[in-house]
Amino acid sequence: MVKSLCLALLTFVPLLWFLRESDGMPDPTRRDLLMREEVSRQTGGLLTLTPAEQKLDAYLHRLKEQEMAATPFPPALHFFKAKPFIERSSIYKLLQKMPKGAALHIHSSSLVSAEWLVKNVTYRPHCYICFTWDNSVRFLFSNRQPFPRWDCFYWQLLESLRARIEDNAAFDNSLIQHLTLFTEDPDGEYPNQDVVWEKFEKAFIATAGLVAHAPILRDYIYQGLEELHKDNVMYLELRSGLSRTYELDGTIHDKIWTLKMFQEVTSKFKQNHPDFFGARIIISVHRALGVYEVKAAVTEAIQLKKDFPDVVAGFDLVGRENSGRTLWYFREALSLPAELGASLPYFFHAGETDDEGTDVDQNLLDALLFNTSRIGHGYALAHHPLAKEISRKRNVAVELCPISNQVLKLVSDLRNHPAAMLMSEGHPMVISSDDPSMFGTTGLSFDFYEAFVGIGGLKANLGTLKELVVNSIRYSSLPDELKDRAFTMWQTKWDSFISANS
Ligand SMILES: *[C@@H]1O[C@H](CO)[C@@H](O)[C@H](O)[C@H]1NC(C)=O
Ligand SMILES: *[C@@H]1O[C@H](CO)[C@@H](O)[C@H](O)[C@H]1NC(C)=O
Ligand SMILES: [Zn+2]
């Protein structure tokens, strides 16, 4: 290697000298140096790969060249159209096997595939359905005929309804449609952000009646961990409002019940899957609430964090940023922990917008002013040099969710995602899936594919993947000692992944 390099230099340098003298051609050695220096700045650019990793990297590079030359190029398509192509991709299949560390940005109400909700949950006894005037559905488990309510005039027992319907497969498919954004014609059906967000929120409301039933929530969390584990994800930080859950007889459980249940389910899952590391909650409230309500929520979250230090990671505000209230609007509420000398780490969604220069666009700097630990999305970060600088200096990672940004219409061709810039300069970053059930994904592999192939392009390599995965542990909310343990567990998985695939 060294020898051949010297040989090359001996042969070329005099020639170059001559060329440079004669026609001003830049020095190729210097060119080479500059190119390598630039690549070294990208995510993972400074990692040294082992010989086995280099072998896999070369293989990945060849695969990527092939996929970039083929048509259609999946990251250029809407994910709903790209999905079947991605599923056939060799890179995707490798990414599925890759130990991906942690999922740090997923919402609890869209953790589990809609398919499971319909095929499993709606077939359980006592499940009622109601069709609303605005072409949506509501579900409710009850041991008697539910009373009509403002959004639901007539409840039908699903079991009896299914007995009267001939084509139950088609009926189940129509239910799945109500619980996800998936459609064959995304561009026609969702002409703009308003329309897609409206359907998005409707689907959340439709799901709520199923998931808020206490015995279902238990199985739902377990199933969610199962889906992540199958995709080689070992740890989860789940954003959840810990909304009230109900029993068949109408008994209501509070947040403490939900936290305890979450803890139980997680430890049962770990018992059954010793290579799973665990799960924590980021308590989230909707940004449509008023200051007074958010103050109460922050106060409650401080207490819950104290009482459940191993489960509660921190706090966030959720809901569409463009139409919701800004972080600054909630400043009195968000200053409470500092005022009280209490600890409540923040994990704010910020910059999930393309409305440059508006009040909403200031959420990025405000999130940093409130000492956020990570930035959810940070789609607008590339346009905020100061916020970018601060987040880099303080190691505040961006949670990049490529498919979410595309489906919710911030970007159409993922090669144009602004995170390409962040990746090429090695900005602290992790990959996540945001709302997997809504977008028809499970695990993180689809989002890794889009980030690695579409956003990263040909220059993103195995080092990029490795750094993104290590980041997911590094930037998690785990205390250092647990991070070390998670990292050791991951390293073992990674080593066997490399040796099995190189
Ligand atoms: C539904 O899921 C539960 C576990 O969550 C499982 O025990 C049961 O077998 C599933 N039922 C069906 C019909 O798939
Ligand atoms: C943010 O951190 C700084 C430095 O540690 C501290 O002085 C400030 O009070 C914190 N602000 C909030 C809102 O927590
Ligand atoms: Zn989100």
Side-chain angles (χ1 to χ4, degrees), residues 103-113 115-125 127 159 162 172 197 200-201 204 210-211 213 215-227 237-241 265 268-269 272 282 284-287 298 302 314-322 324 327-328 330-353 363 365-379 390 393-394 396 398-405 407-408 410 430-439 447:
L104 299 183
H105 188 136
I106 297 185
H107 296 271
S108 62
S109 39
S110 50
L111 174 66
V112 184
S113 62
E115 171 116 12
W116 183 82
L117 283 176
V118 170
K119 298 264 152 76
N120 185 307
V121 174
T122 69
Y123 277 88
R124 298 189 188 195
C127 187
E159 215 177 314
R162 280 202 173 101
D172 285 356
W197 270 92
F200 193 47
E201 309 225 310
F204 276 120
L210 293 174
V211 177
H213 185 37
I216 302 290
L217 187 59
R218 230 176 242 286
D219 290 355
Y220 176 89
I221 303 277
Y222 196 93
Q223 175 69 17
L225 299 181
E226 196 81 81
E227 289 180 11
E237 290 184 2
L238 186 67
R239 282 170 166 87
S240 166
V265 172
K268 187 171 147 220
F269 188 85
N272 297 342
I282 295 169
S284 321
V285 300
H286 204 281
R287 53 182 359 110
V298 166
I302 291 172
F315 185 83
D316 186 16
L317 287 161
V318 298
R320 186 179 177 194
E321 273 183 76
N322 277 31
L327 291 175
W328 191 243
F330 293 113
R331 59 194 178 277
E332 270 182 49
L334 302 178
S335 318
L336 277 178
E339 267 170 46
L340 301 170
S343 143
L344 185 66
Y346 289 136
F347 299 87
F348 289 130
H349 278 74
E352 188 186 8
T353 182
N363 277 348
L365 269 177
D366 285 329
L368 291 162
L369 279 170
F370 281 108
N371 297 335
T372 196
S373 304
R374 297 193 297 263
I375 293 172
H377 296 291
Y379 181 85
I390 297 172
K393 245 187 231 151
R394 291 202 204 146
V396 174
V398 167
E399 302 162 344
L400 172 64
C401 308
I403 294 173
S404 171
N405 295 157
V407 174
L408 297 174
L410 286 172
V430 298
I431 306 294
S432 202
S433 56
D434 205 8
D435 300 286
S437 76
M438 295 287 164
F439 311 138
D447 284 282

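Whatever order the structure lists them in is the order used to number ligands and atoms, beginning at 1. Because the structure is predicted, anything quoted here is derived from the model rather than measured.
- Under a 4.0 Å criterion applied to the non-hydrogen atoms of Asp219, ligand 1 contributes the atoms 5 (O).
- Interatomic distance, CG of Leu408 versus CE of Met438, reported as 10.5 Å (0.5 Å rounding).
- Looking from atom 14 (O) of ligand 1 to the surrounding protein, the closest heavy atom is Asn120 ND2, 3.3 Å.
- When non-hydrogen atoms are compared, ligand 1 lies under 4.0 Å from neither the backbone nor the side chain of Tyr220.
- Residue contact check for ligand 1: Arg124 places a non-hydrogen atom closer than 4.0 Å to it.
- When hydrogens are left out, the protein atom nearest atom 11 (N) of ligand 2 is Asn371 ND2, 3.0 Å; that is the closest non-hydrogen contact.
- Proximity of atom 9 (O) of ligand 1 to the protein is not indicated, since no non-hydrogen protein atom lies closer than 4.0 angstrom.
- Counted by atom type alone, Tyr220 and Asn120 present zero donor-acceptor pairs between their side chains at under 3.5 Å.
- A donor-acceptor contact under 3.5 angstrom links the side chains of Thr122 and Arg162, judged on distance only.
- Here the N, O or S atom of Asp434 that is nearest to the Zn ion (ligand 3) is OD1.
- The pair Glu159-Arg124 fails the salt-bridge criterion, with no side-chain N (NZ, NE, NH1 or NH2) lying under 4.0 Å from an Asp/Glu carboxylate O.
- In summary, the atoms of ligand 2 found under 4.0 Å from a heavy atom of Ala338, numbered by their order in the structure, are 12 (C), 14 (O).
- Atoms NE2 of His105 and NE2 of His107, as seen from the Zn ion (ligand 3), are separated by an angle of 100°, to the nearest 10°.
- There is a side-chain donor-acceptor pair under 3.5 Å between Asp434 and His105.
- Atom 4 (C) of ligand 2 is never approached by the protein to below 4.0 angstrom, counting heavy atoms only.
- Looking at Asn322 and Thr353, their side chains do bring a donor and an acceptor atom within 3.5 Å of each other.
- Residues Ile302 and Ala342 share a closest heavy-atom pair of CG2-CB, 3.5 Å.
- Residue pairs meeting the side chain to side chain donor-acceptor pair (under 3.5 Å) criterion with at least one partner in residues 330-343, sequence neighbours excluded, are Lys295-Glu332.
- Per residue His349, closest N, O or S atom to the Zn ion (ligand 3): atom name NE2.
- The distance from ligand 2 to the heavy atoms of Phe370 drops below 4.0 Å at these ligand atoms: 13 (C).
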